[in-house]
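Report on the following structure.
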Amino acid sequence: MLAKISSRGKRFVHRSLPVRGNAATVSLFWRRDFSGKSSYDYREMLRNGLSDIRLDDAVDLFSEMVKCRPFPSIIEFSKLLSSIAKMKKFDVVISLGEQMQDLGISHNLFTYSILINCFCRRSQISLALALLGKMMKLGYEPDIVTLSSLLNGFCHGKRISEAVALVDQMVEMGFQPNTVTFTTLIHGLFLHNKASEAVALVERMALKDLVTYGAVVNGLCKRGDIDLTLSLLKKMEKGKIEPNVIIYNTVIDGLCKYKHVNDARNLFNEMENKGIRPDVVTYSSLISCLCNYGRWSDASRLLSDMIEKKINPDVVTFSALIDAFVKEGKLLEAEKLYKKMIKRSIDPDIVTYNSLINGFCMQDRLDEAKQMFEFMVSKDCFPNVVTYNTLIKGFCKAKRVEEGMELFREMSQRRLVSNTVTYNTLIRGLFQAGDCDMAQELFKEMVSDGVPPNLMTYNFLLDGLCNNGKLEKALVVFGYMQKSKMELNIFTYSIMIEGMCKAGKVGDGWDLFCSLSLKGVKSDVIAYNTMISGLCSKRLLQKADALLKKMKEDGPLPDSGTYNMLIRAHLRDGDKAASSELIREMRSCEFTGDASTIGLVANMLHDGRLDKSFLEMLS
DNA sequence: CTAGGGTTAG
C-alpha cells in the first residue's frame, strides 16, 4: 500500500484560512511578555513552553516567526504547530503548514507527521495519504508515529480493514507495534463493533501489557459484554497476567452500569482478597452506582469505609454523591455534602456546581441557582455549556423563557458554543410559551449554525406546532421526517396522532395508529391512551373498548389513565353498566378514580344522573 | 519537536 501511496504525491495546497487575532491582541501580547525586547524573542516563548498559549497568540507568534530572516529552525515551527494541534485546531495547523510551504520553509519528518495527523483527525485521509506520498518522495521514511497517526485516521473513518492491513504492513516493514498502535487499533475495532476481533488481537499479541488489555476490557464493558469481560479476566489470570487496580476499576464500573451491582461488590471483595488495594476511583465508581440505584445507605457506608481506610474521597466522589442526591430531589442532603467537602478542603469544580445549580432549578429556586452561578464565576470556575443548558432548562420550566433566551445570548458573548441540547430546550420552552414564531426562528438558526437537530428536536417541533393549532405545518415537517433517514420513534407518532385527534381528524389519527405495526414500531401505553382518547372524543366507544381489549391481549398494560378515560366516556354516554364494569376492573388492578373522574361523578350525582353507590365504588 | 488514550462525576 505504501508503495502505491508514494507515487501519488499531490501538491500540498489548500485554501488559506483567515488568520485570527488582530493588532490589538498582538500589541497586548507583546507588551505583556516582551516589553522592550525585539520580536526575535519568540525563542524565549518556545523555550518557556507553549502549553498554556492561546490560539490567537500562537497564530501571532507564527506571523512573527515568518517575518524573521533567516527563518527560525523547523524544530521551532514544529513546536508551534504541535501546540496548536494539541488545541485540536487542526485546520489552523494545516493552514499554517501551507503558508510555510509557500514561503519556502521546507517541512521535515516531524512537521509532516503533525500535518498528516491533522488531516487524519479532520477525516481527510486521502489528503493525509497524498502528503505521506509527497513526504516519502522527498526521502523521509515514515516512522511508527507517522504510521500510527494514519492508523488512527483509518480507525475513525470507515476503513477498519485498511487499519488492520496497515498494522500487518507495519510489522512487515520491521516496526514493532507498541502500546499506542495497539490501543488505537483496538479502539477502532470497538468503534466498528468488532469486539471479538479485539479480544483475539490482544490474545495473540506478543506484547502483553496491561494498558492494551485495559483498552479491550474497557471496550467490552462499555458495550455491556459482561460475560466476555469476565472470561477475559479469567484468561489473563491463567496466563499469569495479573490485572491491576485500573482493570478491576473498569470491570467494576462496567458491572455497575449494567445493573450487576452485586457482582460488582463481589469483584470488589475479590480484589481486596488478592491484595489489590481499591483506590479512590474504585470507591467513587461504586458509590455513584449505588446512588443511581437508590441504595443511599450502602453508598454512605462506602464513603465512611474509604475515609476509615485513609483512601481520601476527592471531588469526583463528592460530585457523584451530590449529583445523585440532587436528582432524587434531596437538595438538603446535597448541600450537606457540599459543606462537608469544603470542610475537607476539596475544591468543588464545574461538575459539582452544575449539579447544585440543577438542584435549585429542579425546585424552581432560580434566584439561588443564579447566585450559585455567580458564585462559581467568582471562584474562577467558568460556566460551560452544561451550566447554561441547566439554567436555561430551569427558566423554561418555570415559564420564564425570556430569561432563558437572555442566557442563550449571553453564551455567545462568553464564546460558549450552544449544542443540540441548548436549542432543544429553548425550542420546547418557546412553544410552551406559545411563541411559535420565535421557536421556528430558533430552529432555523440552529440549522444555519450547523448544530445538528436530532429526533428530539423534531419531536418538540411537531408537538409545539400541534399544540399551537398548526397541524398543517406539523404534517409538512412530519412528511419530511418520514422521507429522511431519521428513525422515528413512538413519541413522534403519538404526537402526530394526538395532533390529528385534537384537530378533529380522528380518522387520520386512527389510520396512522394502525400503520404502526407495519412500520415495525411498537405502540406504548401513551400511544394507546392517545388513540383511545381520540376515539372517545368522537363517541366511538366500541372502537375504544376494542382497543382496551387489544391492550390486555397483546399490548402494553393499561394504566390508571386508560381506565379513567374510558370510564368517563361511558358515563357521559349514559352507560352505567359499562362504567361500573370498568370501575370494577380498574379496582382489581389497584388503580383508583382520578380527579376528573371523581369530579364528573360528583356532578352527575348532583344533577341526579347517578346515585351515591357509584361514588363509593370509585374510592 | 511528531501518534493513541486502560478507571470515576454533569
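Chain letters run A, B, ... following the sequence lines, proteins first and then strands; every chain starts at 1. Just so it is clear, the structure is predicted and the values come from calculations on it, not from any experiment. The figures that follow rest on heavy atoms only: side chains count, while hydrogens, waters and symmetry mates do not.
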Nucleotide nearest [X] (side chain, heavy atoms from C-beta), chosen from [options]:
X	options	result
Ser284(A)	dG6(B), dG10(B), dT8(B)	dT8(B)
Val281(A)	dA9(B), dC1(B), dT7(B)	dT7(B)
Ala215(A)	dG6(B), dT8(B), dG10(B)	dG6(B)
His156(A)	dG5(B), dG6(B), dA3(B)	dG5(B)
Asp323(A)	dG4(B), dG10(B), dT7(B)	dG10(B)
Ile246(A)	dA3(B), dA9(B), dT7(B)	dT7(B)
Asn178(A)	dT7(B), dG4(B), dA3(B)	dA3(B)
Asp253(A)	dT2(B), dG10(B), dT8(B)	dT8(B)
Ser113(A)	dC1(B), dT2(B), dG6(B)	dT2(B)
Ile114(A)	dA3(B), dT7(B), dT2(B)	dT2(B)

Please report, rounded to the nearest Å, how far the [atom2] atom of [N] is from the [atom1] atom of [X].
X	N	atom1	atom2	result
Phe325(A)	dG10(B)	CZ	P	15 Å
Leu80(A)	dT2(B)	CG	P	12 Å
Asn249(A)	dG5(B)	CG	P	20 Å
Leu185(A)	dG4(B)	CG	C1'	11 Å
Asp349(A)	dA9(B)	CG	C1'	8 Å
Lys222(A)	dG5(B)	NZ	C1'	11 Å
Asp279(A)	dT8(B)	CG	P	12 Å
Leu132(A)	dT2(B)	CG	P	19 Å

Side-chain-base donor-acceptor pair under 3.5 Å for Asn358(A) and dG10(B):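 No, no donor-acceptor pair under 3.5 Å.
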
Within the 4.0 Å heavy-atom criterion, would you say [X] contacts the bases, only the backbone, or no part of the nucleic acid?
X	value
Thr387(A)	nothing
Asn354(A)	base
Ile247(A)	base
Ser149(A)	sugar-phosphate

Polar contact flag, side-chain donor to acceptor under 3.5 angstrom, Asn358(A)-Asp323(A):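 Side-chain D/A pair, Asn358(A) to Asp323(A): absent.
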
Donor-acceptor side-chain pairing of Lys393(A) and Asn389(A) below 3.5 angstrom: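 There is no such pair (donor and acceptor under 3.5 Å, judged by atom type) between the side chains of Lys393(A) and Asn389(A).
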
Phe375(A) and Tyr353(A) aromatic ring geometry - parallel, tilted or perpendicular at 30°/60° bounds: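 Geometry flag for Phe375(A) against Tyr353(A): perpendicular rings.
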
May I ask you to evaluate whether [X] reaches the phosphate of [N], defined as a side-chain N or O under 4.0 Å from OP1 or OP2?
X	N	answer
Asn117(A)	dT2(B)	no
Lys86(A)	dT2(B)	yes
Arg121(A)	dA3(B)	no
Ser78(A)	dT2(B)	no
His107(A)	dT2(B)	no

Taking every non-hydrogen atom, the tightest pair across Asn354(A) and Thr387(A):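 Closest approach of Asn354(A) to Thr387(A): OD1-OG1, 2.7 Å.
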
Partner of Phe408(A) by ring-ring contact (aromatic ring centres under 6.0 Å, His included), out of Phe395(A), Tyr388(A), Tyr423(A):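 That would be Tyr423(A).
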
Candidate list Asn312(A), Asn249(A), Asp305(A), test side chain to side chain donor-acceptor pair (under 3.5 Å), partner Tyr283(A), passing option: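 Option passing the side chain to side chain donor-acceptor pair (under 3.5 Å) with Tyr283(A): Asp305(A).
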
Between Phe182(A) and Tyr213(A), ring centroids under 6.0 Å: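 Between Tyr213(A) and Phe182(A), which both carry aromatic rings, the centre distance is not below 6.0 Å.
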
